[in-house]
Amino acid sequence: MASETSSDSPLFSTYARVNLAFERGEGPWLIATDGRRYLDFMGGIAVNVLGHAHPHIVAALKTQAEKLWHVSNIYEIPGQRALGECLAAATFADCVFFGNSGAEAVECAIKTARRYHYSKGAPERVRIITFEGAFHGRTLATIAAGGQPKYLEGFGPPAGGFDQVKLGDEKALKAAIGPETAAIMIEPLQGEGGIVPVPTAELRELRALCDQHGLLLVLDEIQSGMGRTGRFLAHEWAGIEPDIAAVAKGLGAGFPVGVCLATREAASGMIAGTHGSTFGGNPLAMAVAGAVLDVILGDGFLDHVQRTGLLLKQKLAAIVDAHPDLVEVVRGEGLMLGIKCRAPNGDIANAAREEGLLLVAAGDNVVRLLPPLTIGEAEIDEAVERLDKALTAVSQSKAAAS
Ligand SMILES: *Cc1c(COP(=O)(O)O)cnc(C)c1O
């Protein structure tokens with residue numbers, strides 16, 4: 001299917017869109033405007049953690065919509081306090097700040113880390129160490145944090161204060177820590193970079209380095225959080241705790257909401273007047289996110305993610321073995337999986353779509369599988385079968401072309 005590049009479109013040309021639109025969704029299925037059914041294993045890029053039209057969150061949105069949508073953070077918003085308490089109980093955090101997106105959650109994390117040192121009498125500590133292959137969002141500060149030239153090009157001088165090192169290069173990391181360093185920021189499992197896990201030992205080493213140098217450890221769990229890896233936040237697998245973390249994507253399961261989580265100590269510089277958001281944490285967002293948490297933190301839910309994730313990973317490994325010319329290896333955790341491809345990842349995602357399976361490409365020539373966390377075994381079997389057919393079709397078209 002061709003991308004829509006029509007010059008009379010009223011929209012910015014920022015997206016290379018697939019010429020496909022959907023009318024409705026049912027659990028893991030998306031139904032296109034032409035009636036075709038697709039198995040949704042991209043989930044709005046790790047957003048639709050409960051699939052589409054999940055009755056519990058639909059009900060929460062409807063009920064709240066009839067009461068109150070928005071008031072402003074000038075007033076108390078009881079839903080914020082309730083959701084904040086729930087997030088604090090489920091994580092390392094003591095307190096939270098709500099925004100509307102992932103990038104805003106990262107911006108808040110960066111501001112919180114810098115402001116912490118400022119309030120401790122070390123205003124020179126502003127620099128944040130980040131890692132190659134990272135993705136932290138598309139605002140001016142977050143593209144500088146991510147450091148990817150393709151996102152920085154043409155947008156003027158990059159926001160200052162970020163030092164980027166190679167993932168796993170301990171020597172470079174230690175050399176990058178200086179008297180102006182405020183924090184280390186990392187995704188415990190890189191998403192856009194190509195489902196690149198950070199080894200447990202490395203996360204523990206980062207925690208130790210932060211403690212040793214008085215730095216804050218900031219985790220970007222926007223994609224890896226909300227149960228995606230089978231734990232509520234992915235860093236729990238490593239048995240460490242950060243000082244600050246950004247969570248978004250799955251938090252609203254499709255309703256735009258993000259959050260910056262922090263310990264009381266790390267957030268101590270964020271006093272009245274230092275930060276704000278017009279829409280952040282409005283009653284609609286709080287009602288939906290609260291309902292999402294009801295489900296994800298419910299009995300046995302994360303066990304289900306671990307179990308189905310393992311099952312999917314095993315079945316994908318068999319597919320990889322069957323198509324060694326096209327795909328190389330499966331990696332990731334829980335239901336945040338990637339297949340490293342030999343053929344172009346875009347070709348494989350396109351072929352899968354032709355078979356009615358939606359995947360999404362990532363860096364390092366990877367296709368990601370980010371199904372709803374509610375996915376069942378029958379749908380996993382169906383997806384794997386469709387992927388197998390898609391890979392066979394790619395093989396055949398390659399053979400025909402040569
Ligand atoms: C998606 C993502 C972001 C940006 O989130 P937006 O809601 O698009 O601003 C930041 N960090 C990570 C790890 C992400 O996956």
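Ligands are counted one by one from 1 in listed order, and the atoms in each one are counted from 1 as well. Residue numbers start at 1 and run along the sequence shown.
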Do Asp388 and His323 pass the side-chain hydrogen bond (donor to acceptor under 3.5 Å, both in side chains) test, and can you show the C-alpha distance, the side-chain angles, and the key distance before you say yes or no? CA-CA 8 Å; Asp388 191 25; His323 300 272; 2.6 Å; yes

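No more than 12 heavy atoms of other residues, nucleotides or ligands lie within 6.0 Å of CZ in Arg81, so this atom counts as exposed by the packing criterion.
A donor and an acceptor atom, one from each side chain of Thr139 and Thr142, are located under 3.5 Å apart. Defined by atom type and a distance below 3.5 Å, a donor-acceptor pair is missing between the side-chain atoms of Gln190 and Asp364. Looking only at atom types and distance, the side chain of Gln212 has no donor-acceptor partner in the side chain of Arg207 under 3.5 Å away.
The side-chain tip of Arg353 does not point at the ring of Tyr38 from less than 6.0 angstrom away and within 45° of straight on.
Among protein residues, Ser101, Gly102, Ala103, Phe135, His136, Gly137, Glu187, Asp220, Ile222, Gln223, Lys249 come within 4.0 Å of ligand 1, judged on heavy atoms.
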